[in-house]
2 protein chains.
Amino acid sequence: MARKSATGRIGIADVAVKAGVSHATVSRVMNGNFTVDPDIAARVRAAAVELKYQPNPVGRSLALGKTDTIGIVVPDLANPTFQAILRGLSRAAAEDGYRVLIADSFEVSSEEAILAGEARRRCDGLVLCAPRMSDAELEEIAPSLHPLVLINRTTAAAGIPSLVVDYGQGVQDLAEHLVGLGHTRLAFLAGPAGSASHGLRLEGLEAFKTRHPQVDVTMLDGGSDFDTGHGAVDPVLASGATGILAFNDLVAMGLMSGLHERGVDVPGDISVTGFDDIPFARYTTPTLTTAAVPIAELGGQAWRELRALIRKEDHDAPGSRYQPRLEIRASSGPAKAPRTAAHG
Amino acid sequence: MARKSATGRIGIADVAVKAGVSHATVSRVMNGNFTVDPDIAARVRAAAVELKYQPNPVGRSLALGKTDTIGIVVPDLANPTFQAILRGLSRAAAEDGYRVLIADSFEVSSEEAILAGEARRRCDGLVLCAPRMSDAELEEIAPSLHPLVLINRTTAAAGIPSLVVDYGQGVQDLAEHLVGLGHTRLAFLAGPAGSASHGLRLEGLEAFKTRHPQVDVTMLDGGSDFDTGHGAVDPVLASGATGILAFNDLVAMGLMSGLHERGVDVPGDISVTGFDDIPFARYTTPTLTTAAVPIAELGGQAWRELRALIRKEDHDAPGSRYQPRLEIRASSGPAKAPRTAAHG
DNA sequence: CGGCAGTGAGAAAACGCTTTCTCGCCTGCC
DNA sequence: GGCAGGCGAGAAAGCGTTTTCTCACTGCCG
């Protein structure tokens with residue numbers, strides 16, 4: 001008797017009938033509107049409980065013009081950095097009663113704009129995480145995505161907060177650290193070409209090079225995962241560098257693993273640094289020197305910025321800039337006498 | 001002139017006006033209904049493009065009774081296992097045009113039922129991942145969550161596919177492996193008490209113990225993360241065990257790291273095994289012997305089961321059972337002469 | 001040339017909810 | 001005792017779609 005109508009699910013109408021009131025009144029009660037007689041309210045509530053009535057969020061969303069959901073677009077859900085951001089975002093949003101819809105672009109930048117648009121239409125706001133699309137495209141679609149928060153990317157479009165990690169500064173800190181240990185031949189294991197954070201690292205390295213013209217910095221092709229690092233052993237050894245700046249911790253770990261297999265001692269023969277300070281970094285052997293990025297905090301901050309936008313607080317879209325903190329562990333040590341390029 | 005109405009966004013009505021037709025016709029065109037005159041269809045399409053019209057998914061969902069979204073509830077988004085499942089699920093669902101809404105219960109089992117209900121109402125189906133709630137509660141809410149797929153949990157409720165990993169078998173395989181290496185004193189680092197997968201491991205260990213009454217198996221308290229393993233060094237050494245079955249790879253890595261700091265050689269002094277074969281497992285020092293769970297595949301399979309349910313294909317809710325595969329690496333080796341309990 | 005089948009598009013209802021509008025009734029004051 | 005004012009609840013109008021229902025018009029055949 002309880003379930004009726006097309007969908008089979010019980011709706012506001014069922015409660016209204018059971019309580020002997022109009023569905024408008026049921027709605028008022030369910031939303032805590034106090035202009036309703038306490039007796040009737042109690043009757044409605046009883047009916048709702050008895051029928052296990054739960055308002056249909058879709059109908060609610062349509063009427064209210066909001067979904068209590070936000071979207072996040074990431075280039076690769078397998079990347080610990082994005083996982084951490086997602087986690088921080090999800091946690092912070094949940095505390096305010098918002099849910100998170102995820103969209104993984106799988107590193108195909110051409111999909112990003114479509115994914116972002118679709119996600120945005122279903123949500124009250126969007127976090128665009130390190131988008132790989134071009135500046136031009138980003139600038140073009142950004143306004144239509146508002147409320148929007150960018151992570152590790154900036155745009156000229158107005159009213160869009162950007163949360164960026166200062167990868168340039170971080171990589172300089174790491175390089176300075178290595179130089180301070182006496183290393184004069186460094187190598188940088190590059191990241192994905194499209195990534196803005198990679199660009200920032202390159203800029204940082206350029207700044208470093210002009211400041212230390214005597215230091216030799218070899219650029220090596222790369223990627224962002226374990227296998228990249230593991231596969232980079234030969235080029236690294238061939239470079240003759242004694243201090244290696246890996247694109248991130250994953251690459252560093254892969255590299256250390258590969259070096260270990262070859263019997264190369266870290267940090268005795270070669271020092272290796274990572275980037276990000278993922279949780280694993282303090283448990284590698286040797287523990288990994290890296291630049292710590294307060295990544296979970298970033299997710300939380302992204303939510304706060306987005307929330308301000310959604311609530312239309314005039315907030316001036318400030319955004320923030322995060323300084324990585326040098327985390328010196330055991331994978332970096334004093335340079336030994338310069339090696340010759342050939343090895344093994 | 002284009003944007004109008006309350007929301008400010010352009011809707012089907014704007015396109016209808018611009019094309020000089022009714023909004024019903026616009027809807028027909030947008031949905032590829034061919035009963036509309038090609039000329040008019042073209043005019044509508046042109047208007048839609050010009051206005052950059054994109055149908056509002058909320059209105060669409062209400063009319064269609066579906067959201068093209070599925071939900072997943074996980075106990076802890078920080079856990080690599082759940083991240084991998086999420087990733088596999090997201091990827092598979094995306095290929096069929098579905099999005100994923102995530103709900104993280106942060107290991108508070110009392111929240112799970114509410115989160116699951118809320119998520120389900122916004123979605124066309126739900127994946128409940130290793131729920132920590134009691135069997136009774138699960139059985140009670142399961143019917144109301146349909147279409148529902150369970151991961152690493154089963155229920156007596158009907159029509160609910162379950163995808164379970166045979167942790168019991170896996171832990172037995174690992175234990176057998178250690179015994180085969182000559183170890184006679186083992187220790188098991190337990191996981192979260194509420195976790196069903198932990199229960200399965202215990203059952204497996206019981207079976208193992210009845211088969212090998214001469215082998216000593218010490219049970220140690222635990223958890224599921226790095227720090228658990230790292231903090232378990234003392235109890236492990238005190239146990240006198242030479243073969244350690246860690247709850248999962250994270251715990252194993254934490255333990256190895258702690259043992260390393262104490263100067264205990266792995267596998268020379270103590271063999272350590274993990275569980276899951278997370279990507280990091282092959283890059284630890286030493287590389288980690290573990291039981292590989294095809295976890296990403298699990299996410300994909302979860303989607304296929306859920307899709308069958310959503311499409312009402314009669315599918316008999318088969319579910320699947322996944323056998324972990326023993327992955328023997330360098331963290332396990334021959335037992336050396338029995339040690340005394342005291343150490344360091 | 002008239003009626004009928006068929007086609008194609010507009011009107012309107014439905015989806016499930018919120019909210020404004022309106023009206024009836026009760027109270028209180030003159 | 002009659003009327004103004006206020007309060008509480010029902011009626012109805014959205015929210016943005018889809019889809020059924022209906023009707024007008026075309027063209028064919030008798």
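We name chains A, B, ... by the order of the sequence lines, and we start the count at 1 in each one.
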| request: Kindly point out which of C:dG10, C:dG8, C:dT18 is positioned nearest to the side chain of A:Ile12? | output: C:dT18

| task | Select base, sugar-phosphate, or nothing to describe what B:Val58 touches, counting heavy atoms under 4.0 Å on all strands. | result | nothing

| Whole angstrom value for the distance that separates C1' of D:dC15 from NE2 of B:His23 | 12 Å

| Counting distance only, does the side-chain N/O of A:Arg153 pair as donor-acceptor with the main-chain N or O of A:Met133 below 3.5 Å? | yes

| said: Quick check for you: among D:dT18, C:dG8, D:dG10, whose closest atom lies nearest to any side-chain atom of B:Thr35? | reply: C:dG8

| message | Students often get this wrong, so: under 4.0 angstrom with heavy atoms, is A:Ser27 touching a base, only sugar-phosphate, or nothing? | response | base

| request: Remember a base hit wins even if backbone is also touched, and classify A:Asn33 as base, sugar-phosphate or nothing at under 4.0 Å, heavy atoms. | output: nothing

| field | Whether B:Arg120 side chain and B:Leu145 backbone form a donor-acceptor pair below 3.5 Å | value | yes

| field | Minimum-distance pair of heavy atoms, taken over all atoms of A:Gln83 and A:Leu77 | value | NE2-O, 2.9 Å

| note | From CG of A:Leu64 across to P of C:dT20 the rounded distance in Å is 11 Å

| Does B:Thr25 have a side-chain nitrogen or oxygen under 4.0 Å from the phosphate oxygens OP1 or OP2 of C:dG10? | yes

| remark: Side-chain atoms of A:Leu62 come closest, of C:dT18, D:dT17, D:dC15, to D:dC15

| said: Check the phosphate of C:dT18 against A:Arg60, side-chain N and O only, distance under 4.0 Å to OP1 or OP2. Yes or no? | reply: yes

| task | Specify the angle, to 10°, made by the local axes at the two ends of the helix from C:dC1-D:dG30 to C:dC30-D:dG1 when five pairs are taken at each end. | result | 70°

| query | Within this structure, what is the CZ-to-P distance between A:Arg28 and C:dT18, rounded to whole angstrom? | reply | 11 Å

| At under 4.0 Å between heavy atoms, what does B:Tyr53 touch on the DNA or RNA strands: base, sugar-phosphate, or nothing? | sugar-phosphate

| message | Of the options C:dA12, D:dT17, C:dT18, whose atoms approach the side-chain atoms of A:Ala63 most closely? | response | C:dT18

| Which part of the nucleic acid, if any, lies within contact of B:Gly11, taking any heavy atom under 4.0 Å across all strands shown: a base, the sugar-phosphate backbone alone, or nothing? | sugar-phosphate

| query | Who are the side chain to side chain donor-acceptor pair (under 3.5 Å) partners of A:Arg321, not counting sequence neighbours? | reply | A:Asp166

